Amino acid sequence: MAVIIDGTKVSQDVRDEIRKEALRLKADAGVVPGLAVILVGDDPASHIYVARKEKACTEVGFLSREYKFPGDTREAQLLDIIAELNVDTAIHGILVQLPLPQHINPDSVINAIDPKKDVDGFHPLNVGRLLTGNPFHTSCTPSGILELLDRYEIDIRGREAVIVGRSNIVGKPLALLLLARHATVTVCHTRTRNLPEVTRRAEILVAAAGSPEMITGDMVRGGAVVIDVGINRLPGGKLVGDVAFDQVGEKASHITPVPGGVGPMTIAMLLKNTLHAANDLT
Ligand code: NAD
């Protein structure tokens with residue numbers, strides 16, 4: 001059976017380090033890192049995520065401010081708030097919880113955030129910096145995956161990495177991060193032909209498709225490191241990843257569980273980006 005990568009434990013370690021660094025920043029420069037989270041509408045999952053982010057902020061000694069708006073809020077109103085937060089010296093990170101209601105263009109909203117305060121790493125400037133090998137804020141889930149690999153001392157250099165999923169928030173930025181660490185990277189998607197043939201090449205396999213347990217044992221090379229980003233709720237209510245955990249766990253050298261793998265790392269990296277922003281803006 002594979003080593004189970006404990007994201008909850010690693011996330012706690014990262015948060016402990018952040019708490020200490022935040023104390024130091026307060027003592028040395030009198031600065032408390034501040035995160036503003038903007039939530040529009042009443043998507044229940046978004047409300048849960050935002051509550052978790054707030055709690056995590058408070059636990060590491062950050063200032064956390066929440067801005068909740070009804071679902072019919074106009075885009076212009078949102079842009080006004082962002083403009084205010086961009087110049088608010090108590091706020092170092094601004095996060096707009098996605099998805100936004102249909103009538104609001106997420107690109108316009110993300111583009112309005114000062115890239116220095118874009119702790120989600122979604123602003124085109126931050127994406128471009130990652131692409132050109134000069135990253136500033138990097139998207140949280142992909143950087144959380146790198147943190148897991150590093151803390152388990154998993155070699156990336158020269159290894160064959162396959163990512164299933166090409167979204168802007170997971171697959172694409174992760175491909176760039178792995179490439180920067182000298183992996184040979186393949187990105188798969190719904191039009192990829194003969195997916196199992198490709199995934200079987202992977203020494204590091206990342207599943208970020210949002211398709212319950214689609215990665216089965218026969219799709220995995222023996223000894224592979226398998227990272228499961230997927231979060232899928234089955235009709236009975238059970239939470240599963242994109243990887244058939246038991247089957248794949250028999251073949252892999254390392255595997256992340258769902259829940260308790262990649263998920264907890266995302267918030268830890270959001271805190272890390274906020275601390276980075278506070279240091280940079282101080
Ligand atoms: P998305 O829907 O934006 O993108 C999914 C990608 O997977 C697409 O590029 C699509 O082409 C590909 N894909 C889907 N089904 C496929 C299939 N059968 N074969 C090959 N490729 C396929 O999703 P996303 O936002 O990147 O999220 C992916 C999953 O990760 C979701 O389950 C989401 O809930 C989860 N997620 C988890 C975290 C976390 O913190 N753990 C963060 C973000 C997303």
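Counting starts at 1 for both ligands and their atoms, following the listed order. Remember, it's a predicted structure, so these values are computed and weren't measured experimentally.
Side-chain contact between L177 and T138 is present, with at least one heavy-atom pair separated by less than 4.5 Å.
To the nearest 0.5 Å, atoms CG (D228) and OG1 (T256) are separated by 5.0 Å. Residue K272 holds its NZ atom at 13.5 Å from CZ of R15, rounded to the nearest 0.5 Å.
Comment: K9 engages D13 in a salt bridge, judged by a side-chain N to carboxylate O separation of less than 4.0 angstrom.
Side-chain atoms of R201 and T186 include a donor-acceptor pair closer than 3.5 Å.
Here H137 and F122 keep their ring centres 6.0 angstrom or further from each other.
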What are the atom names and distances for all N or O pairs under 3.5 Å between ligand 1 and the protein?
from     : atom 1 : to   : atom 2 : distance (Å)
ligand 1 : 9 (O)  : R166 : N      : 2.9
ligand 1 : 11 (O) : T190 : N      : 3.2
ligand 1 : 21 (N) : T190 : N      : 3.4
ligand 1 : 26 (O) : S167 : OG     : 2.5
ligand 1 : 30 (O) : V229 : O      : 3.4
ligand 1 : 32 (O) : I231 : N      : 3.0
ligand 1 : 32 (O) : I231 : O      : 3.4
ligand 1 : 40 (O) : T266 : OG1    : 2.7

